[in-house]
There are 2 protein chains.
Amino acid sequence: MQNQLDVSVDCVLFGFDGEGLKVLLIEQGLDESGSLSKDQVQTALPGDLVYLDESLDASAERVLKELTSLDGIYLKQFHTFGDPQRVKGLKDQDWLRSFRANPERRVITVAYYSLVKMEDYQPQPSSFAGKAIWVDVNEIPDLAFDHNDIAEKALTVLREELDSKHIGFELLPEKFTLSQLQLLYEIILDKKLDKRNFRKNIKKMDQVIPLDEKQQGVFHKPAQLFRFDKENPED
Amino acid sequence: MQNQLDVSVDCVLFGFDGEGLKVLLIEQGLDESGSLSKDQVQTALPGDLVYLDESLDASAERVLKELTSLDGIYLKQFHTFGDPQRVKGLKDQDWLRSFRANPERRVITVAYYSLVKMEDYQPQPSSFAGKAIWVDVNEIPDLAFDHNDIAEKALTVLREELDSKHIGFELLPEKFTLSQLQLLYEIILDKKLDKRNFRKNIKKMDQVIPLDEKQQGVFHKPAQLFRFDKENPED
DNA sequence: GAATAAAGTGTAAATTGCACACTAAGTAGT
DNA sequence: ACTACTTAGTGTGCAATTTACACTTTATTC
């Protein structure tokens with residue numbers, strides 16, 4: 001009595017570059033020859049099959065680490081996608097065959113999202129067969145499988161969890177100004193926030209610690225820098 | 001390139017009997033002889049392997065329907081459990097063998113929770129090999145696999161989603177009083193609520209509709225009855 | 001008709017959320 | 001050194017929401 005599906009993890013990796021919210025995607029060619037003709041490029045979320053002796057969380061961490069060589073960053077399981085046709089029924093089965101799944105088999109995927117400081121991001125070229133690219137969340141192209149659905153849901157969940165979990169900081173550099181933080185919130189939530197009210201709220205959180213340091217290299221009033229203290233439990 | 005895991009769904013089915021919040025569990029004997037010696041009984045959440053051509057949601061609905069023969073009731077995926085040892089590494093592998101999974105294989109499970117009116121619950125004896133029993137959430141015995149973790153997480157998620165999704169009503173009989181509803185909320189949230197404030201909040205929701213009918217057979221002032229209108233979108 | 005048991009109802013105070021505009025501090029250019 | 005520019009930083013009043021709190025009503029039972 002078995003059903004024998006393949007199980008993968010996919011990771012929606014968010015980054016922020018000061019302009020827009022980005023997602024990391026993998027661009028992958030059809031063949032291994034290295035010759036990428038434009039219309040044979042497939043774009044997908046980073047993901048991999050789960051190893052037989054590895055937990056789901058460990059698997060997602062591994063995918064993340066292969067991309068960024070970073071440990072201990074925010075990573076959250078948010079949904080499992082298991083439509084029978086999500087992989088099998090695709091048009092371009094040739095591409096599939098060369099990618100990672102046997103097109104005769106069904107793959108369900110456990111999706112995680114993750115927030116990384118782009119300053120820490122060090123692409124590891126050899127880890128995925130394709131090239132890693134950052135794409136603005138508003139400009140995500142057609143992705144493989146149901147990865148557009150996965151990315152969309154990740155963004156929805158990020159928005160829902162942003163306030164309650166105070167995770168926005170994870171996307172900023174080590175030291176940041178409150179204006180940078182506010183801009184990030186505005187971009188994620190896709191709405192303007194009032195400066196004074198925003199600052200009032202932030203200053204209630206004692207995970208946000210002012211530094212004895214000011215912003216440098218700007219031609220206007222330099223801003224106070226802050227850092228985020230992960231260890232300090234909020235409530 | 002395959003990993004070949006088994007995938008199941010497990011369902012945490014909540015019910016309310018006016019006293020406490022209950023969970024439906026399946027009691028299962030070691031052998032098929034029908035002779036259940038007490039210490040060979042295993043208790044577990046209802047669940048099953050996902051069929052090869054069936055979506056995860058459909059699979060959870062099927063499990064639910066096998067138990068209750070009910071359709072269209074609230075059912076929500078809340079987490080996927082995939083520790084490599086969650087099934088394989090158990091002590092009592094003999095029992096496992098007879099249950100539903102090959103102990104040599106790894107099973108990951110997508111967990112759903114669901115809310116059912118106990119008045120609607122009609123156990124379908126033949127659908128699961130074992131006997132279905134309602135157990136108070138505070139008195140859940142040792143369950144198979146990691147089912148205690150699953151049940152605990154389901155309860156956490158139910159608490160979190162109770163307010164935002166207005167799903168408490170799903171647990172009450174067709175016609176209910178506000179006191180019954182308040183008691184249910186108090187039990188789920190495990191705290192006392194203020195009667196007047198509670199009623200103010202409920203009366204804001206236009207999904208809760210007063211009936212031209214009063215409670216009968218009580219030795220005190222009879223209460224107004226209400227029903228819940230699922231169709232009316234809240235916001 | 002008296003006792004009992006739960007239903008049902010309003011108000012005031014405290015808290016939180018929201019809108020709103022000016023001063024401060026630095027840089028760049030003259 | 002002064003002016004223009006640009007973003008940082010700060011407080012208050014009003015509205016809305018949340019919280020705390022106690023008595024009257026309506027039925028049943030004896």
### Query
Mapping B:Thr177 and A:Lys195 onto DNA chain C by nearest heavy atom, which one lands closer to the 5' end?
B:Thr177
### Query
Does B:Lys200 make a side-chain donor-acceptor contact with the base of D:dT19, cut-off 3.5 Å?
yes
### Task
Check the angle between the aromatic planes of A:Phe14 and A:Tyr113 and answer parallel, tilted or perpendicular using the 30° and 60° thresholds.
perpendicular
### Query
Should the ring pair A:Trp134 and A:Tyr121 be called parallel, tilted or perpendicular, given that the plane angle runs from 0 to 90° and is split at 30 and 60?
perpendicular
### Query
Is the phosphate of C:dA19, meaning OP1 or OP2, less than 4.0 Å from a side-chain N or O of A:Arg196?
no
### Query
Within less than 4.0 Å of OP1 or OP2 of C:dT9, is there a side-chain N or O belonging to B:Lys203?
yes
#### Entry: Whole-Å gap separating C1' (C:dC18) and CG (A:Asn201)
11 Å
### Task
Nearest whole angstrom, please: distance from the P of D:dG9 to the CD1 of A:Ile202.
13 Å
### Task
Name the closest nucleotide to the B:Pro222 side chain, picking from C:dC18, D:dG9, D:dA27.
D:dA27
#### Entry: Interatomic distance, A:His220 NE2 vs C:dG26 P [rounded to whole Å]
12 Å
### Query
Would you say a side-chain N or O of B:Lys204 is under 4.0 Å from OP1 or OP2 of D:dT18?
yes
### Message
Expressed as a whole number of angstroms, how long is the span from A:Lys214:NZ to C:dA24:P?
### Response
14 Å
### Query
OP1 or OP2 of C:dT9 less than 4.0 angstrom from a side-chain nitrogen or oxygen of B:Arg199, does that happen here?
no
### Task
For A:Asp194 and D:dT10, give me the distance from atom CG to atom C1', rounded to whole Å.
12 Å
### Task
Return the value, rounded to whole Å, for the distance between atom CZ of B:Phe176 and atom P of C:dA7.
14 Å
### Query
Between A:Leu181 (CG) and D:dG9 (C1'), how many Å, whole number?
15 Å
### Message
Check this for me: does the side-chain of B:Lys192 come within 3.5 Å of the base of D:dT19 through a donor and an acceptor?
### Response
no
### Query
Among the nucleotides C:dA7, D:dC21, C:dA19, which one has an atom lying closest to any side-chain atom of B:Asn197?
D:dC21
### Query
Is the closest side-chain donor-acceptor distance between A:Glu54 and A:Ser59 under 3.5 Å?
yes
### Task
Indicate whether OP1 or OP2 belonging to C:dA7 is found under 4.0 Å from a side-chain N or O atom of B:Ser179.
yes
### Task
Would you classify A:Gln215 as touching base, sugar-phosphate or nothing, given that sugar-phosphate means primed atoms plus P, OP1 and OP2, and contacts are heavy atoms under 4.0 Å?
nothing
### Query
D:dT7 P sits how many Å from A:Phe219 CZ, rounded?
7 Å
### Task
Determine whether B:Arg86 and B:His147 make a side-chain contact, defined as any pair of heavy atoms from C-beta on separated by less than 4.5 Å.
yes
### Exceeds 12 heavy-atom contacts within 6.0 angstrom, atom CD of B:Glu174
no
### Message
Looking at B:Lys221 and D:dT29, is any side-chain donor or acceptor paired with a base atom of the opposite kind under 3.5 Å?
### Response
no
